[in-house]
Amino acid sequence: MRVLLVSDPDTTKAAASMEVRVGAMSDPTDIPGLAHFLEHMLFLGTKKYPEEGEYAKFIQGNGGSQNASTAAESTNYYFDISSTHFFEALDRFAQFFVAPLFTESATNREMRAVDSEHSRNIQVDSRRLHAMLRVACDPSHPMSKFSTGNIDTLSSPPDIRKRLIDFYNEYYSSSVMYLAVLGKESLDDLESLVIKLFEEVRNTDKEYPQHPPAPFKDDHVRKIYSVTPVKHTPKLFLIWPLEKCYRFIYSEKPERYVSHLLGHEGPGSVLSHLRKLGVATELSAGMIKTCTSFSIFQCSVELTEKGVEEMDKITEIVFQYIQILLTTLSSDGPWIYDEIKKVAAINFRFRQQSSPRNSVTTLSDNMFWYKPEDVLDGDYKYEVFNEAEIRNILLQLTPDNLVMIKIAKENEGKTDKVEKWLNVPYSKSEICADLLSIWKNPSRNENLALPPKNEYVAEDFTLQHTHMPDINFLEVVPKKIINKEGVEA
């Protein structure tokens with residue numbers, strides 16, 4: 001087990017987070033949702049604290065909160081609490097990974113809690129997007145698994161409790177656990193506390209599960225999925241599977257270069273142009289899934305009513321901008337990357353202090369991806385402009401590697417399929433050859449351009465005055481020092 005300790009003598013709340021490197025993609029094929037179900041079950045009694053719900057009651061009764069989440073390749077458990085009750089809370093927390101009970105009664109009851117969570121998800125449009133990603137990818141790839149589970153998937157095996165215990169015993173080893181602890185105690189005292197409470201966690205030398213790359217084969221791309229939403233906000237999602245995980249090269253962050261420019265909102269940006277055309281109100285770009293063997297990049301566009309009719313044109317504009325990024329990478333890439341690097345350094349230096357709970361959940365995740373010396377600032381590190389890696393990403397953002405998901409009320413009544421788990425109405429079609437040809441050979445668009453250099457990025461943070469001058473500010477008349485197009489100060 002890798003452990004990170006944070007001592008903050010002034011904190012009024014303490015917190016802990018345990019990241020276990022196993023998630024929904026490791027679910028048995030016959031029990032979708034088992035990893036998520038296990039996440040629920042750990043809270044419901046241990047050998048030392050057998051009463052169901054005692055942990056939640058203790059945390060909430062002492063000014064704290066607790067929760068957990070199951071992702072594709074990891075499960076994270078966390079809590080915060082008044083500092084005066086940290087030892088008792090951490091003792092209860094540690095027992096999840098030492099001696100959980102998985103009682104028969106709790107097993108049967110908690111299935112209904114999972115099913116209730118699943119029922120709520122049916123009415124959430126973001127969940128519908130994830131459902132369509134499962135539909136769109138290779139059905140033999142573990143990404144296609146239904147990760148939440150429901151009463152049907154969890155009650156169908158007659159030996160569900162045994163399978164639950166088997167899953168826990170197979171995957172829950174201290175060798176794949178990452179613990180972050182924050183308290184007001186000294187580092188020496190926190191170390192003693194953690195050793196005392198967690199030394200009995202079993203170590204089987206299990207390594208984290210390795211999953212295959214390429215969740216989308218060639219016959220799963222160049223597709224359009226038209227989906228009926230719950231809400232009225234229409235959206236277009238342009239999705240590209242990428243061949244590897246870029247988080248392991250966190251000191252370079254080639255994917256951030258791409259998302260920074262595609263998601264830029266200033267003059268010359270994709271969004272600025274789309275707004276002028278009256279077809280979109282918001283745009284974001286970046287990774288929506290980062291796994292150890294692949295990534296998925298997405299550009300999402302929130303549409304106007306006019307934009308619903310112009311989705312293909314919007315897609316063309318995105319490809320026009322990607323072409324600009326490719327042709328300018330060698331000439332402009334270095335200064336753009338350097339600017340991103342400087343802003344990230346400023347953001348890290350002057351960042352607001354996170355809550356103890358948010359701090360430990362972030363740190364326990366970072367411990368897996370980053371070197372120990374980079375766990376605190378790895379998210380902000382930009383050390384090397386790797387043109388080859390950036391170009392490699394851009395060359396994967398092609399029409400031939402594209403999956404389009406169109407979510408709009410206008411699709412209602414025009415769909416012919418229903419997704420299995422969330423009952424999402426959708427239809428599926430091929431991107432036609434004519435559109436592929438246009439997108440592969442994007443014309444030059446004079447409305448699109450790289451952002452100008454930001455001359456206001458600070459580099460010198462030396463204090464110019466160590467004392468306030470003797471000035472009557474009520475008598476001072478402000479002077480305009482900048483008067484440029486779009487900027488007055």
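Count residues from 1 along the sequence. Just so you know, these numbers come straight off a predicted model, no measurement behind them.
- A cation-pi contact, defined as under 6.0 Å to the ring centre and within 45° of the axis, links R351 to F348.
- E39 places no side-chain N or O within 3.5 Å of a backbone atom of A35 that could act as its donor or acceptor partner.
- Side chain of N366 to main chain of V375: a donor-acceptor pair is present (N/O by atom type, distance under 3.5 Å, no hydrogens or angles).
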* To do: Go through D312 and K406 one step at a time and tell me if the salt bridge (Lys or Arg N to Asp or Glu O under 4.0 Å) criterion holds.
  => CA-CA 10 Å; D312 294 341; K406 301 177 177 182; 3.4 Å; yes
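- E282 has no carboxylate O lying under 4.0 Å from a charged side-chain N of K235, or vice versa, which leaves the two without a salt bridge.
- With hydrogens and angles left out, the side-chain atoms of N454 and E339 include no donor and acceptor closer than 3.5 Å.
- Y250 and D379 share no donor-acceptor pair across their side chains, judged by distance under 3.5 Å alone.
- Electrostatic pairing of R112 and E110 does not count as a salt bridge here, judged by no charged N lying under 4.0 Å from a carboxylate O.
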* So R222 and E430, salt bridge (Lys or Arg N to Asp or Glu O under 4.0 Å) or not? Walk me through it. -> CA-CA 6 Å; R222 299 180 299 280; E430 301 280 338; 5.6 Å; no
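- Tested against I405 for a side chain to side chain contact (heavy atoms under 4.5 Å, CB included), the candidates Q298, M132, R128 yield a single pass: M132.
- The closest side-chain donor-acceptor pair between S284 and S300 falls under 3.5 angstrom.
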* To do: Run the numbers on F248 and W369 for ring pair (Phe, Tyr, Trp, His ring centres under 6.0 Å), then give the verdict.
  => CA-CA 6 Å; F248 286 127; W369 298 101; 4.9 Å; yes
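- In the displayed structure, Q353 atom CD is contacted under 6.0 Å by at most 12 heavy atoms of other residues, nucleotides or ligands.
- No side-chain donor-acceptor contact under 3.5 Å links E302 and T233.
- Between K223 and D219 there is no salt bridge, since no side-chain nitrogen of the basic residue lies less than 4.0 Å from a carboxylate oxygen of the acidic one.
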* Asked: Checking side chain to side chain donor-acceptor pair (under 3.5 Å) for the pair Q210/T292: CA distance, chi angles, key distance, verdict?
  -> CA-CA 8 Å; Q210 301 279 349; T292 52; 4.8 Å; no
* Assess whether salt bridge (Lys or Arg N to Asp or Glu O under 4.0 Å) is satisfied between E373 and K381, documenting all intermediate values. => CA-CA 12 Å; E373 61 268 29; K381 272 188 177 293; over 6 Å; no
* To do: Show your working on side chain to side chain donor-acceptor pair (under 3.5 Å) between N392 and E243 and close with a plain yes or no.
  => CA-CA 10 Å; N392 177 262; E243 63 186 9; 3.3 Å; yes
* Derivation and outcome, side chain to side chain donor-acceptor pair (under 3.5 Å), residues H40 and H36 -> CA-CA 7 Å; H40 277 241; H36 179 228; 3.2 Å; yes
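- Looking at Y171, F368, Y178 one by one, the single match for ring pair (Phe, Tyr, Trp, His ring centres under 6.0 Å) with Y208 turns out to be F368.
- Under the 3.5 Å distance criterion, the side-chain polar atoms of W240 are matched with a main-chain donor or acceptor of T398.
- Separation of atoms NZ (K244) and CD (Q396) is listed at 9.0 Å; rounding is to 0.5 Å.
- A cation-pi arrangement is not found for K428 relative to Y225, the charged atom failing to lie both closer than 6.0 Å to the ring centre and inside a 45° cone about the ring normal.
- No side-chain donor-acceptor contact under 3.5 Å links T70 to the backbone of G23.
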* salt bridge (Lys or Arg N to Asp or Glu O under 4.0 Å) assessment of E19 paired with R21 -> CA-CA 6 Å; E19 175 105 340; R21 291 303 304 181; 3.2 Å; yes
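- Distance check, rounded to the nearest 0.5 Å: CG of L329 to OH of Y257 gives 5.0 Å.
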* Verdict with supporting geometry, R120 and S116, side chain to side chain donor-acceptor pair (under 3.5 Å) -> CA-CA 6 Å; R120 293 194 300 272; S116 178; 3.3 Å; yes
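- Side-chain atoms of N121 do not come within 3.5 Å of backbone N or O of R127 as any donor-acceptor pair.
- For the ring pair (Phe, Tyr, Trp, His ring centres under 6.0 Å) criterion with F102, the lone passing option out of Y172, F37, F43, Y168 is Y168.
- Nearest heavy atoms, L242 versus F294: O-CB, 3.7 Å.
- With rounding to the nearest 0.5 angstrom, the CG atom of L262 is 7.0 Å from the CG atom of L397.
- For K417, the NZ atom counts as densely surrounded, since its 6.0 Å shell holds more than 12 non-hydrogen atoms of other residues, nucleotides or ligands.
- Side chains of D80 and S355: no donor on one and acceptor on the other come within 3.5 Å.
- Under 3.5 Å, the side chains of N411 and S427 contain no donor-acceptor pair of N or O atoms.
- Taking each heavy atom of K206 and V176 in turn, the nearest pair found is O-CG1, 3.3 Å.
- Between K313 and E316, at least one side-chain N (NZ, or NE/NH1/NH2) sits under 4.0 Å from a carboxylate O, which counts as a salt bridge.
- The two residues T361 and N358 have their closest heavy-atom pair at OG1-O, 3.0 Å.
- Judged by distance alone, the side chain of D377 and the main-chain N or O of Y380 form no donor-acceptor pair under 3.5 Å.
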* **Working for ring pair (Phe, Tyr, Trp, His ring centres under 6.0 Å), residues F93 and F97** => CA-CA 8 Å; F93 185 76; F97 313 101; 5.5 Å; yes
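- A salt bridge links R391 with E387; the closest basic N to acidic carboxylate O contact falls under 4.0 Å.
- Considering every non-hydrogen atom in both S293 and H211, the closest pair reads OG-O, 2.9 Å.
- Rounded to the nearest 0.5 angstrom, H141 NE2 and D138 CG are separated by 7.5 Å.
- Counting heavy-atom neighbours within 6.0 Å of K217 NZ, excluding the residue itself, gives a total above 12.
- The local environment of CZ in R2 is crowded, with over 12 non-hydrogen atoms from other residues, nucleotides or ligands closer than 6.0 Å.
- With hydrogens and angles disregarded, a donor-acceptor distance shorter than 3.5 Å links the side chain of N401 to the backbone of P241.
- In this structure, R444 pairs ionically with E446, as a charged nitrogen and a carboxylate oxygen lie closer than 4.0 Å.
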* How far apart are the C-alpha atoms of H118 and F146, what are their side-chain angles, what is the distance that settles it, and do they pass the ring pair (Phe, Tyr, Trp, His ring centres under 6.0 Å) test? -> CA-CA 11 Å; H118 164 67; F146 171 45; 5.3 Å; yes
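- Using a cutoff of 4.0 Å between basic side-chain nitrogens and carboxylate oxygens, R247 and D365 are scored as salt-bridged.
- Between S17 and S359 there is no side-chain heavy-atom pair separated by less than 4.5 Å.
- Across all non-hydrogen atoms, the minimal contact from I151 to D115 is N-OD1, 2.9 Å.
- E419 contributes a side-chain N or O that, together with a main-chain N or O of W421, makes up a donor-acceptor pair within less than 3.5 Å.
- With hydrogens and angles disregarded, a donor-acceptor distance shorter than 3.5 Å links the side chain of T75 to the backbone of V22.
- Checked by atom type and distance alone, the side chain of S144 never pairs as donor or acceptor with a backbone atom of R134 at under 3.5 Å.
- Side-chain contact, R357 with S65: a donor N or O sits under 3.5 Å from an acceptor N or O.
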